[in-house]
Amino acid sequence: MSDYKKNLQKVEHSLGKTGNAEIFSCGFTQAYHKIAESPDLLLADPPYAEHCKLATEFLENQEIAQWAGTDCILALEHTADFAMPQNSV
């Protein structure tokens, strides 16, 4: 079993029957179309080869912002030299 699946099992166990967790190995535009309700927490880990471009697109995407809502917590993995876009939503 892969490490991420083991970690997901730990997260699901800690959530108990109050929630659920799911991992999507795809682009962010595909992932948010698969989830009907707004999430409480997003963990985004874009590929490092395209990291700055993808992270910026993610942070500036109005559809993602509306879907996630104002109460969603975002944890975004990024390189040390990543500069937050000035017009992120």
Side-chain angles (χ1 to χ4, degrees):
M1 180 180 293
S2 67
D3 286 340
Y4 78 86
K5 287 186 180 180
K6 289 178 189 175
N7 288 337
L8 179 60
Q9 286 180 337
K10 291 176 186 176
V11 169
E12 288 175 331
H13 178 73
S14 70
L15 291 171
K17 296 182 184 205
T18 62
N20 61 28
E22 196 164 349
I23 294 175
F24 295 97
S25 181
C26 60
F28 66 85
T29 54
Q30 292 86 16
Y32 92 90
H33 284 288
K34 295 178 180 184
I35 306 169
E37 54 191 54
S38 295
D40 296 321
L41 172 67
L42 282 174
L43 304 174
D45 186 9
Y48 280 102
E50 302 176 46
H51 179 270
C52 290
K53 178 181 174 240
L54 289 174
T56 299
E57 287 176 10
F58 180 81
L59 291 169
E60 293 178 341
N61 189 294
Q62 290 292 326
E63 288 181 83
I64 295 288
Q66 289 175 358
W67 165 73
T70 57
D71 293 331
C72 180
I73 297 170
L74 169 64
L76 175 65
E77 179 95 18
H78 60 81
T79 57
D81 61 344
F82 177 68
M84 184 71 69
Q86 293 299 314
N87 57 343
S88 57
V89 289

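Side-chain contact between Cys72 and Trp67: absent, with no pair of heavy atoms (C-beta onward) separated by less than 4.5 Å.
Here the closest heavy-atom approach between residue Ser38 and residue Ala68 is recorded as CB-O, 3.7 Å.
Following chains of ILVMFWY side-chain contacts shorter than 4.5 Å, one cannot reach Leu41 starting from Phe58, and the two form parts of different hydrophobic clusters.
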Leu76 vs Leu43, side chain to side chain contact (heavy atoms under 4.5 Å, CB included): CA-CA, chis, key distance, verdict | CA-CA 6 Å; Leu76 175 65; Leu43 304 174; over 6 Å; no
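Partners of Glu63 according to the salt bridge (charged side-chain N to carboxylate O under 4.0 Å, His left out) rule, which considers only residues two or more places apart in sequence or in another chain, do not exist here. With sequence neighbours excluded, the residues satisfying side chain to side chain donor-acceptor pair (under 3.5 Å) with Asp81 are Thr79.
Atom CD of Glu37 is surrounded by 12 or fewer heavy atoms from other residues, nucleotides or ligands within 6.0 Å.
Of the inter-residue distances, the one linking Leu42 atom CG with Ile64 atom CD1 reads 7.5 Å to the nearest 0.5 angstrom.
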